[in-house]
Number of protein chains: 2
Amino acid sequence: MQDVLCDVTSCFLCTNCIPEWREIIAMKKQTRLFKKNESIFSEGDDVKGIYFIYSGAVKIHKQWSDEKDMIIRFSSAGDILGHRGLGGANKYPVSATALDTTKACFITNQFLETLLRSNHDLTYKLMHFYASELQKAEQRMRNLAHMDVKGRIAETLLDLKKVFGLNDDGFIGVVITRQDIASYAGTTYETVFKLFNDLTSEGVIVTEGKSIRVINEEKLRKMVG
Amino acid sequence: MQDVLCDVTSCFLCTNCIPEWREIIAMKKQTRLFKKNESIFSEGDDVKGIYFIYSGAVKIHKQWSDEKDMIIRFSSAGDILGHRGLGGANKYPVSATALDTTKACFITNQFLETLLRSNHDLTYKLMHFYASELQKAEQRMRNLAHMDVKGRIAETLLDLKKVFGLNDDGFIGVVITRQDIASYAGTTYETVFKLFNDLTSEGVIVTEGKSIRVINEEKLRKMVG
DNA sequence: CGACACGTTGATCTACATCAATGGTGGTGG
DNA sequence: CCACCACCATTGATGTAGATCAACGTGTCG
């Protein structure tokens with residue numbers, strides 16, 4: 001991890017949330033740079049603050065017995081990390097790891113609290129942000145409980161596409177291991193494979209190494225239900 | 001459903017959240033009464049407002065193909081209902097049904113929005129409330145994905161005990177069908193029995209009709225992990 | 001060129017859903 | 001008051017998705 005000058009112009013909150021934020025960030029003039037696979041924070045760490053992602057790709061995950069972990073969600077430019085730490089507990093309940101080189105603005109807790117206390121609009125918007133995250137979480141809960149593995153993998157692909165978009169060649173805009181896909185879909189490595197083969201022969205996706213291209217999005221949607 | 005005078009003294013927000021709220025509620029002087037099994041609102045309904053539960057028991061659930069539904073969470077006195085409707089969408093994403101006679105204060109959206117706009121403390125506390133709900137949701141997501149059915153049923157029992165407490169005889173403070181337990185644990189009717197039998201012969205729980213008494217909470221916790 | 005990790009595939013094994021049969025209970029009408 | 005029916009509880013039998021295990025192939029680095 002490395003500190004660099006803050007690229008204020010592309011900050012999520014600057015453009016999407018509140019104008020005042022721009023000045024506040026400008027005061028800090030500091031972002032942090034994480035390399036691929038570098039940990040941003042870990043489950044159980046003291047909550048020191050919150051991150052706003054400028055660019056890159058991140059997974060939020062939680063340990064589950066030895067060597068099994070579950071990926072809660074993926075994040076990209078414009079997202080907020082570590083906000084789950086706000087709710088009373090002073091330990092992060094999850095871990096965040098960079099899937100790719102990631103630039104993020106770090107705001108200390110104290111600073112954020114002061115902001116929230118004094119800036120009503122920010123609090124209000126953050127509340128709505130939480131509300132929509134909650135809806136997403138519950139949607140996913142239902143899916144994990146009642147959908148078969150194929151459907152969950154289809155959902156994973158759609159989510160990846162939505163969060164990371166496509167690169168110039170039309171592939172999903174992040175390189176991700178099959179293990180990570182399995183962890184998000186709540187299944188195993190081997191099963192991901194076998195179903196990737198199925199999806200390929202059904203003409204739904206094409207893979208090239210670890211890159212994935214979605215050919216027939218409609219079909220994927222149908223699998224999700 | 002029936003409107004009655006608001007019992008201000010026992011309102012969640014009055015006692016737990018902000019003092020000013022007491023006066024605001026007093027202005028409305030209105031609660032709604034729901035009978036057992038009565039629907040409070042349904043998935044897809046227009047969001048009209050938010051409810052604060054004074055007393056009773058409620059399940060929040062979401063349809064999943066014909067005749068299958070998933071219970072997202074249980075709520076009792078002091079909880080907020082319908083707040084998920086706040087996040088942009090103007091349709092409720094879930095349904096709420098009374099598990100028992102339930103008294104709830106209804107606040108229209110417009111009224112709530114005005115409140116939130118003018119009352120920073122309320123917004124701030126509601127934000128924290130969402131944050132902790134989010135943590136719970138993610139916890140449950142993980143459990144549904146990776147825990148076996150027995151563990152999920154154990155979790156269900158612990159959650160029920162936590163939310164509804166115990167009645168005078170030491171039984172879990174709500175009468176609930178096995179179908180509902182199955183819907184919460186993400187399993188089927190029949191499986192719930194078989195595992196209830198196991199749990200009974202293991203001396204973990206005792207059932208009397210639909211009432212459930214937890215004997216060995218420690219053992220339940222161990223099953224959850 | 002060997003070795004070691006990781007990708008890939010097939011073979012088994014099990015937890016749980018699903019289905020089907022039986023037993024109990026309460027409600028209704030004769 | 002009893003008999004019948006309908007509906008839910010309970011249990012056993014069967015089927016299957018997908019985890020787990022193990023073997024084999026392939027790329028990569030010393």
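Sequence lines set the chain letters: A, B, ... in the order given, protein chains first and strands last, and positions in each chain run from 1.
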Does a nitrogen or oxygen in the side chain of B/Thr187 sit under 4.0 Å from OP1 or OP2 of C/dA17?
-> yes

State which of D/dT10, D/dA19, C/dT18 makes the closest approach to the side chain of B/Lys68.
-> C/dT18

For A/Asp198 and C/dT8, give me the distance from atom CG to atom C1', rounded to whole Å.
-> 14 Å

Does NZ or CZ of B/Arg140 lie under 6.0 Å from the centre of the six-membered ring of B/Tyr184, at an angle within 45° of the ring axis?
-> yes

Any luck finding a side-chain donor-acceptor pair between B/Tyr92 and B/Asp46 under 3.5 Å?
-> no

Looking at A/Glu38, A/His61, A/Lys59, which one forms a side chain to side chain donor-acceptor pair (under 3.5 Å) with A/Thr97?
-> A/His61

Comparing B/Gly186 and A/Phe193 on DNA chain C - which has the more 5′ nearest nucleotide = A/Phe193

Relative to the 5' end of DNA chain D, which residue comes earlier, B/Lys194 or A/Met147, by the nucleotide with the nearest heavy atom?
-> B/Lys194

Rounded to the Å, how far apart are B/Ile181 CD1 and D/dT10 C1'?
-> 16 Å

Does A/Asn197 make a side-chain N or O approach to OP1 or OP2 of C/dT9 shorter than 4.0 Å?
-> yes

Between atom NZ in A/Lys210 and atom C1' in C/dC6, what is the gap in whole Å?
-> 9 Å

Flag, side chain of B/Lys36 to backbone of B/Thr102, donor-acceptor distance under 3.5 Å = no

Between atom CD1 in A/Ile153 and atom P in D/dA17, what is the gap in whole Å?
-> 15 Å

Expressed in angstrom and rounded to an integer, what is the separation of A/Arg178 atom CZ from C/dT9 atom P?
-> 10 Å

Given atom CD of A/Gln179 and atom P of C/dG7, what is their separation to the nearest angstrom?
-> 10 Å

What's the CG-C1' distance between B/Asp148 and C/dC16, to the nearest Å?
-> 10 Å

Let me know the distance between NE2 of A/His146 and C1' of C/dA17, rounded to the nearest Å.
-> 12 Å

Side chain of B/Thr191 - closest among C/dC16, D/dT11, D/dA19 | C/dC16

Backbone N or O of A/Asp169 within a donor-acceptor pair of the A/Arg213 side chain at under 3.5 Å?
-> yes

